[in-house]
Amino acid sequence: MLVETNQSMAVCGLDCDSCPGKDDCAGCRATGGRPFSNAGQCPLVACCESKEQENCSQCPGCGLKEQLIREFNALGIDDMEEVVGLNTLPGSYINLEYRLSPGQTAKLLDDSQVYLGNQLCKKGSDRCYGLAADENYLLVCEYGEGSSDPEIIVYKKRSVVL
């Protein structure tokens, strides 16, 4: 099911105009589900294709987006706002470098992949939560202005299969 938006034709039904990556997006229809030319296939498109349905009436993402929202909210992070939406984001846009120990750093995401994510305010703080997920993993991190001083809050393998 293709849903027309002002920005592009979104395969999954997400509102392209609210996506922070919209300026770098070539649109799902024109790219075969690879809206960020140097990144992999969007997990929502991949979910629909895995169901082998020509007309996916359960979009966005055959329930993947809604399931991820439930999983993020179920984490029970007290000072995190309720998750009500997710956007498609290229890994290169959200892949922060985390300090693990003195002298060691790591990135947990793949710059060449597309993730579902959002940024939420941390209650009572000037810091934010960054959320990212795909079919396999959930990531919640906390960071300051301009993504400074990022900290991993939750990084876990998903156990839910749709």
Side-chain angles (χ1 to χ4, degrees), residues 5 7-8 10-28 31 33-47 60-61 63-162:
T5 67
Q7 175 68 21
S8 66
V11 171
C12 66
L14 286 180
D15 178 10
C16 295
D17 290 329
S18 69
C19 178
K22 71 181 178 184
D23 293 336
D24 297 321
C25 176
C28 294
T31 63
R34 297 178 185 276
F36 306 105
S37 61
N38 61 342
Q41 187 175 43
C42 172
L44 294 177
V45 173
C47 180
L64 177 62
K65 179 181 145 191
E66 289 78 12
Q67 179 61 39
L68 290 171
I69 289 171
R70 285 190 297 271
E71 290 178 43
F72 277 123
N73 287 325
L75 293 173
I77 300 171
D78 290 334
D79 51 4
M80 185 172 82
E81 296 176 351
E82 180 182 4
V83 181
V84 295
L86 296 171
N87 299 302
T88 52
L89 301 167
S92 59
Y93 183 76
I94 59 173
N95 197 8
L96 302 179
E97 189 169 80
Y98 302 95
R99 187 176 16 244
L100 300 178
S101 64
Q104 292 184 327
T105 59
K107 289 186 172 188
L108 302 177
L109 304 178
D110 184 338
D111 286 350
S112 69
Q113 295 302 315
V114 177
Y115 296 89
L116 295 173
N118 205 339
Q119 176 178 289
L120 303 173
C121 294
K122 181 176 179 179
K123 295 176 185 174
S125 175
D126 60 352
R127 292 178 62 83
C128 296
Y129 285 112
L131 285 65
D134 62 12
E135 307 87 15
N136 301 307
Y137 292 93
L138 291 177
L139 170 65
V140 178
C141 67
E142 178 187 320
Y143 48 80
E145 185 174 339
S147 301
S148 65
D149 192 29
E151 299 174 28
I152 300 166
I153 303 300
V154 174
Y155 183 61
K156 66 181 257 179
K157 185 165 179 63
R158 296 182 62 234
S159 59
V160 176
V161 178
L162 294 176

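The distance from atom OH of Tyr93 to atom OG1 of Thr88, rounded to the nearest 0.5 Å, is 11.5 Å. Atoms CG and CZ, from Asn118 and Phe72 in turn, are 9.0 Å apart once rounded to the nearest 0.5 Å. Of the inter-residue distances, the one linking Cys141 atom SG with Ile153 atom CD1 reads 8.0 Å to the nearest 0.5 angstrom. Residue Leu108 holds its CG atom at 11.0 Å from CD1 of Ile94, rounded to the nearest 0.5 Å. The line from CD of Gln113 to CD of Glu135 is 8.5 Å long, rounded to the nearest 0.5 Å. The CG atom of Leu139 lies 8.0 Å from the CG atom of Leu131; values are rounded to the nearest 0.5 Å.
No side-chain donor from either of Asp110 and Tyr115 sits under 3.5 Å from a side-chain acceptor of the other.
A salt bridge links Arg99 with Asp149: at least one charged nitrogen is closer than 4.0 Å to a carboxylate oxygen.
Between Asp79 and Tyr129 the shortest side-chain heavy-atom distance falls below 4.5 Å. With contacts defined as side-chain heavy-atom distances shorter than 4.5 Å, the pair Ile69/Val84 does not qualify. For the pair Met80 and Val140, the minimum side-chain heavy-atom distance is below 4.5 Å.
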Verify side chain to side chain contact (heavy atoms under 4.5 Å, CB included) between Leu100 and Thr105, making sure each step is shown before the conclusion.
CA-CA 5 Å; Leu100 300 178; Thr105 59; over 6 Å; no
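Side chain of Asn73 to backbone of Val83: a donor-acceptor contact under 3.5 angstrom is found. Not one N or O on the side chain of Arg158 forms a donor-acceptor pair closer than 3.5 Å with the backbone of Leu138.
For the pair Glu81 and Leu120, the tightest heavy-atom approach, listed with the atom from each and the gap, is O-CD1, 3.5 Å. Leu96 and Pro150 get closest at one heavy-atom pair: CD1-CB, 3.8 Å. Closest of all the heavy-atom pairs between Leu109 and Ala132 is CD1-CB, 4.0 Å. Contact between Leu68 and Asp134 at its shortest, heavy atoms only, is CD2-O, 4.0 Å.
For NZ of Lys123, the number of neighbouring non-hydrogen atoms (other residues, nucleotides, ligands) closer than 6.0 Å is greater than 12.
The side-chain hydrogen bond (donor to acceptor under 3.5 Å, both in side chains) test with Tyr143 singles out one residue from Lys122, Glu151, Gln119, and that residue is Gln119.
Scored by the side chain to side chain contact (heavy atoms under 4.5 Å, CB included) test, Glu145 finds no partners at all (sequence neighbours excluded).
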